[in-house]
Protein chains: 2
Amino acid sequence: MATTFPDRQRTLGSLLRLPYQAMQDTVYGALAERGFDDIRAAHSAVFRHIDADGTRLTVLAERAGMTKQSMAYLVDALSQAGYLATTPDPHDGRARRVRLTRRGEQAMTALLELSADFEQRLAARLGVARMKRLRTLLEELATVVEPVRAADTP
Amino acid sequence: MATTFPDRQRTLGSLLRLPYQAMQDTVYGALAERGFDDIRAAHSAVFRHIDADGTRLTVLAERAGMTKQSMAYLVDALSQAGYLATTPDPHDGRARRVRLTRRGEQAMTALLELSADFEQRLAARLGVARMKRLRTLLEELATVVEPVRAADTP
DNA sequence: TCCAGTTAGTCAGTCTTGCTGACTAAATTG
DNA sequence: CAATTTAGTCAGCAAGACTGACTAACTGGA
């Protein structure tokens with residue numbers, strides 16, 4: 001018999017991870033089926049943070065909370081796959097602006113659609129009202145997370 | 001000016017990821033400060049799924065949703081660091097039972113404590129009632145995720 | 001009972017995604 | 001204008017996941 005640890009209740013972490021993982025798997029799986037099979041979850045760090053009129057590599061890295069080398073790696077892959085184009089920054093000879101190509105925009109649209117889809121399917125089972133409350137609570141949680149995190153090392 | 005994409009509202013995914021990441025960082029950071037500095041977030045796949053009287057490698061892998069090779073890698077690292085001990089299964093000469101050592105139990109206790117701590121600090125800011133509602137909704141969400149995921153490829 | 005098939009785990013190699021450190025070239029500032 | 005900062009690149013490393021091919025041990029049916 002599996003003697004489970006007695007006091008082991010689900011941590012908040014696992015409650016957050018479960019739906020997050022499921023969503024990732026489903027959304028990126030579906031994205032691949034739609035023909036965007038060279039986009040992986042890690043690449044979302046770019047899509048999430050890029051502006052409509054282009055963004056510098058360093059800014060992308062900052063926003064994503066990673067090193068510029070790591071961001072460069074992601075941008076490189078997406079560029080080679082045709083989702084991004086980089087142009088030199090007219091105001092700064094060192095910098096390059098990273099922009100979405102048309103195909104990049106299509107990918108991002110698909111990504112947002114599929115995410116909304118997944119959420120809607122969850123809402124259909126959970127109840128729309130509940131999903132709305134959940135969303136609201138998560139948004140409130142977001143505003144509260146950073147202070148707690150910062151208070152970590154006083 | 002950063003011309004953000006107009007219709008970009010937060011996806012459910014990012015709402016889940018933000019607190020999850022923060023919690024991971026905080027909890028595993030604090031765990032390191034308590035002297036368990038050789039335990040990384042990936043190792044939680046073991047702690048989460050191991051039973052008090054030991055568990056087979058393959059079972060751990062199944063529960064964690066990963067290959068047995070990957071799980072073996074994690075178990076190996078934790079064994080070398082003294083958190084796990086493996087004994088041959090008396091009923092099956094092929095199998096090994098993986099168990100927590102005393103130190104392993106201490107680590108797991110710390111892990112659960114620190115997780116509860118973090119949740120409590122969030123609750124203090126969010127309000128206990130809200131945190132309770134959030135938890136309930138996340139638990140309900142969990143029961144609903146698998147069906148939706150399965151319905152993915154009909 | 002024995003042999004065919006399944007199961008537990010290992011070995012070897014690969015890929016993805018992050019990191020650090022050292023560097024060049026361009027911009028900024030005192 | 002020299003010193004410093006900033007943007008990005010190059011090279012190398014590590015963790016954590018994967019696949020494929022394998023050995024040893026168990027199991028069920030003829």
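Comparing D/dC18, D/dG16, C/dT17 by their closest approach to the side chain of B/R40 singles out D/dG16. With distances taken from any side-chain atom of A/T58 to the nucleotides C/dG9, D/dG16, D/dG8, the minimum falls on D/dG8.
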Got a list of protein N/O to nucleotides 24-29 of chain C N/O distances below 3.5 Å?
from	atom 1	to	atom 2	distance (Å)
C/dA27	OP1	A/G93	N	2.6

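As rounded to whole Å, 16 Å separates atom C1' of C/dA8 from atom CZ of B/R63. Between the C1' atom of D/dT19 and the CE atom of B/M66 lies a distance of 15 Å, rounded to the nearest Å. The interatomic distance linking B/Q21 (CD) with C/dT17 (C1') rounds to 13 Å, in whole Å. C/dA8 atom C1' lies 10 Å from atom CG of B/D89, rounded to whole Å. The separation between B/L60 atom CG and D/dG16 atom P is 16 Å, rounded to whole Å. Look at CE on A/M71: it is 18 Å from P on C/dT16, rounded to the nearest Å. A straight line from OH of B/Y73 to C1' of C/dG9 spans 18 Å, rounded to a whole angstrom. The interatomic distance linking A/K68 (NZ) with C/dC23 (P) rounds to 15 Å, in whole Å.
Close to D/dG8, at under 4.0 Å from its OP1 or OP2, lies no side-chain N or O of A/R56. Within the structure, a side-chain polar atom (N or O) of A/S70 is placed less than 4.0 Å from OP1 or OP2 of C/dC19. The side chain of A/R96 contributes no N or O atom lying less than 4.0 Å from OP1 or OP2 of D/dG8.
Mapped onto DNA chain C by nearest heavy atom, A/A41 and B/E62 fall at different nucleotides, with B/E62 at the one closer to the 5' end. The residue among B/V59 and A/A45 whose nearest nucleotide of DNA chain C is located toward the 5' end is B/V59.
Exactly one of B/R133, B/R125, B/R130 qualifies for a salt bridge (Lys or Arg N to Asp or Glu O under 4.0 Å) with A/E140. That residue is B/R130.
Using a 4.0 Å cut-off between charged side-chain N and carboxylate O, A/R56 and A/D51 make no salt bridge. The pair A/R96-A/D89 does not count as a salt bridge, with every side-chain nitrogen at least 4.0 angstrom from each carboxylate oxygen. In this structure, A/E62 does not pair ionically with A/K68, as no charged nitrogen and carboxylate oxygen lie closer than 4.0 Å.
In this structure, A/F47 and A/Y83 have perpendicular ring planes: the angle between them is above 60°, well past the 30° mark.
With hydrogens and angles ignored, a donor-acceptor pair under 3.5 angstrom links the side chain of A/Q69 to the base of C/dG21.
Contacts of A/D37 classified as side chain to side chain donor-acceptor pair (under 3.5 Å), with partners at least two apart in sequence or in another chain: none.
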Test side-chain hydrogen bond (donor to acceptor under 3.5 Å, both in side chains) applied to B/R48 and B/S44, step by step: CA-CA 6 Å; B/R48 263 202 309 282; B/S44 72; 2.7 Å; yes
